[in-house]
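Here's the structure we're looking at; comments come further down.
Below, chain A is the first sequence line, B the second, and so on; all start at residue 1.
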Amino acid sequence: MLTLFVRRVVRLVVVLVGVTLVTFAILHVSGDPVALMMPEAPEADRAVLRVSMGFNDPLAVQFGRFVGNIARGDFGNSFFHREPALPLVLARMPTTLLLTGLAMGLSLLLAIPIGILSAIRRNSAFDHGATLVVFLGTSMPVFWTGIMLILLFAVQLRVLPVSGWESWAALVLPGFTLATFSTPLLLRIVRSSMLEVINLDYVRTARAKGVSEWFVICRHALINAALPLVTVAGLQFGLLLGGAIITETVFAVPGLGRLIVGAIRQLDFPIVQAGVFVIALMVVLVNFAVDMLYVYLNPQIRVR
Amino acid sequence: MKRWALLALVLTLTVLMLPAALPAQPKDTLTVALVSHAPTLDPHMHFERVGILVNINMFDSLLHRNPKLEFEPSIATSWKALTDTQWEFKIRKGVKFHNGDTLTPADVKYSFDRVIDQTKKSPQYGNVRAIKEVKVIDAETVHIITDKPFPLLLERLVFFPIVPKKHVETVGDQAFGATSPVGTGPWKFVEWKRDQLIRLEAFDQHWRGKPAFKTLIFRAVPEVATMVAEIKTGGVDLIREVSPDIQPELKTHPVAYISSTPILRVHQIELDMRVPPFDKKAVRQAANYAIDKQTIIQKLMAGLGRQVATVVQPLAFGFDADIKPYPFDKKKAKELLAQAGFPNGVDITLHSSSVANRPQFEALCEMLTEVGIRATPKMWDPGPAWNKFSQAEGKGTHGIYGTWGNYSVFDADAVLHPLYHSEPGGWYGKWYTRVEGLDRLIDEARSTVDQPRRKRTYTQIQQMIREEAPSVFLWTQYDTLAISKKVQYAARPDEWLWLFDAKPAAAR
């Protein structure tokens, strides 16, 4: 148990260092931020700025300085916001996490009952209907779904605001849009893993004991079918953070994704680095939690 | 199954009966949607259109420009050139900052000093670097001294906001840009939720009087379809850059109307004159003859464009209406191409990051191909890859299609120098353009404040580039706003949203 924990923590550190290195490398071959910071200025003036910002030092020196600063929690000042990058990034986190969490919650809320029902009533009209919806959900790109939902609920029916983040009502459409992206896969996973266990001996034994059908499904079958679901949900979380960028753009949600995409366009290195670092940390932590959940769900892992 | 159907029905009905969640818009609030927010509210520390549009409603500059593009007094009540390099400005008395302080000439001097000071890294430094010094003469007089004659000075002063010295020094640059911007403009700062909204409130003591709308909100709405949905449902009152394909619908819409005006943005294909085939004048001219500008304007731009003979536009100082655009003449184009040694045509690649103008770009390449200049369009996303490509020397390219907005400076210099001067620091001209004697003429026109003389030089330049064709000259475009019928406002040629002029529409 302890070795498992330590192994995972080491992996976490390795991933973060790797992500930092890759981000740094990509950014530094991607162009000259000084030209964007000083439009209309002669080259001589830009050169002065370049030197003062340390862009002329060897890349290794720049990377060393960068890592040293991160270790002290300092990602540097945003070139354009003229403020420390990390607080700017952290200020957006709650919004993006709320949106992602909402979508994930909604997905599980839909996927688990529908998946179970599909498995129990395999090949029924309900099962086929669910499969059809899954195909629809996976085939529609998030931005398109989002715009269609806006047109229906905000423009035609006028029951929800078009965009923004000012009221609880404004959360509904983006949350649902993002959920359409993650629900189908989760639903398929629930269905197939339920199908795997539902005819196994121990389930039949439980039934034979006269345990109520609900209890059999929830306590015996679902717990054992949950392992793949947890794995995929953990991975989906990272994908959702990516999908959130598009959803944030369509619904004008002031989240982390928009901050990072804007920063990439302007080559605002500190924001991109802080943002990617924080997102990587989130993904790694969630998967870390998933690993720990395994231990709870499957005692066999504990033994190894 | 029936239970599920019932549940679905109940859910749908519940959603439909939710209390209308649309925020009721109070009549004294004006909401504007911009694609994004500038990274700071400090008017000196960014150079983005979306930021300028917000700043001008919070800050005043020395001069103002009316919708007819004439200079008007603002913080400066009068101005005159004392010599070629020295200007005198009289400062308006009793102007109040939002925090109650009175504006003094010291604030004016401080505002310039913080941009000219290179250690502050202002992106606007390049605009005013010709200013050597700002001197406070007395309680109402300021002198601006330039290192050489600087004919664009007044143009640059239209957006050069005056900030309160004492306040900025007390709170610091960072807080001034993020949480406590203070100006003298019609609206004062209330709150900024980044990438969400900027809320401003009418300033009672503004020297022009109180603006018509008590609250002014700038929302950040990056997606065009969303913006259009917002204006249709009354979620916002004003959106910019309405593209031609959605104009017909908004023109006849019950809650919104359209306002269009020609603006200072010119389209062109800059040609790489260093390499074949565009090292030959005849090929460059052939490309100009090959384009049916009028058809593109009519079919792809809803008629909202005007052909131009060069890159100098009708709205800019120095424009010469006697110089006519290249006519559309396929036969002539083919002849010129053959003369230049390409009777069987030639293959080229053109690049663009102007995603909003993709249809035009593709049509241009098609028209060039028809006369034998077989052009492959390469469309870029305006992100880092494009920045790197366009910051490199542009080797292996034949031309770039793009637009130039003159930085809203209504003077030929603001397009000629960056596009064609070979001095480093400008746009593509420093790599692409090789026209004998052009540098000298551009320098000559910017080194005097004698306007009639400048005008003559610009005529000469326009004749020269029309003949030499360093670009394929195309058209100038319009800006189109969609505005709520509750609000009275009109698009301006400088693309400003000067919302002091916005009024609630008379009740219908």
- prompt: Is there a side-chain contact between A:Ile147 and B:Glu223, using heavy atoms and a 4.5 Å cut-off?
  reply: yes
Turns out that what part of B:Thr119 lies under 4.5 Å from chain A's heavy atoms comes down to neither
* **A:Ser163 side chain reached by B:Glu230 side chain, heavy atoms, under 4.5 Å** => yes
*Check the surroundings of atom CZ in A:Phe66: do more than 12 heavy atoms from other residues, nucleotides or ligands lie under 6.0 Å from it?*
yes
Filtered by a 4.5 Å non-hydrogen cutoff, the part of residues 256-266 of chain A contacting chain B is A:Arg258, A:Leu259, A:Ile264, A:Arg265, A:Gln266
**OP:** Apply side chain to side chain contact (heavy atoms under 4.5 Å, CB included) to B:Arg194 and A:Leu88, showing your working.
**Re:** CA-CA 9 Å; B:Arg194 284 163 193 269; A:Leu88 281 171; 3.5 Å; yes
Q: In sequence, state the C-alpha distance, the side-chain angles, and the governing distance for A:Arg82 and B:His46, and then conclude on side-chain hydrogen bond (donor to acceptor under 3.5 Å, both in side chains).
A: CA-CA 10 Å; A:Arg82 290 158 186 271; B:His46 68 82; over 6 Å; no
Checking side chain to side chain contact (heavy atoms under 4.5 Å, CB included) for the pair B:Leu197/A:Glu166: CA distance, chi angles, key distance, verdict?
CA-CA 9 Å; B:Leu197 57 81; A:Glu166 286 290 82; 3.2 Å; yes
* **Enclosure of B:Lys148 NZ (heavy-atom neighbours >12, cutoff 6.0 Å)** => no
Next on the checklist: Within the structure provided, determine whether B:Asp195 and A:Arg92 are in side-chain contact (heavy-atom separation under 4.5 Å).
Outcome noted: yes
- Task: Using a cut-off of 6.0 Å, state whether more than 12 heavy atoms not belonging to A:Arg65 lie near its atom CZ.
- Result: yes
The interface call for B:Ala229 against chain A, heavy-atom contacts under 4.5 Å, is both
Less than 4.5 Å apart, any side-chain heavy atom of A:Val253 and any of B:Gln196? no
Rounding to 0.5 Å, atoms OG1 (B:Thr179) and CD (A:Glu83) come to a distance of 8.0 Å
Counting heavy-atom pairs under 4.5 angstrom with chain A, the leader among B:Arg219, B:Lys232, B:Met227 is B:Arg219
Would the distance check show the side chain of B:Thr226 and the main-chain N or O of A:Val250 forming a donor-acceptor pair, the cut-off being under 3.5 Å? yes
If you tally heavy-atom pairs under 4.5 Å between each of A:Ala91, A:Gly146, A:Pro254, A:Ala252 and chain B, the highest tally belongs to A:Pro254
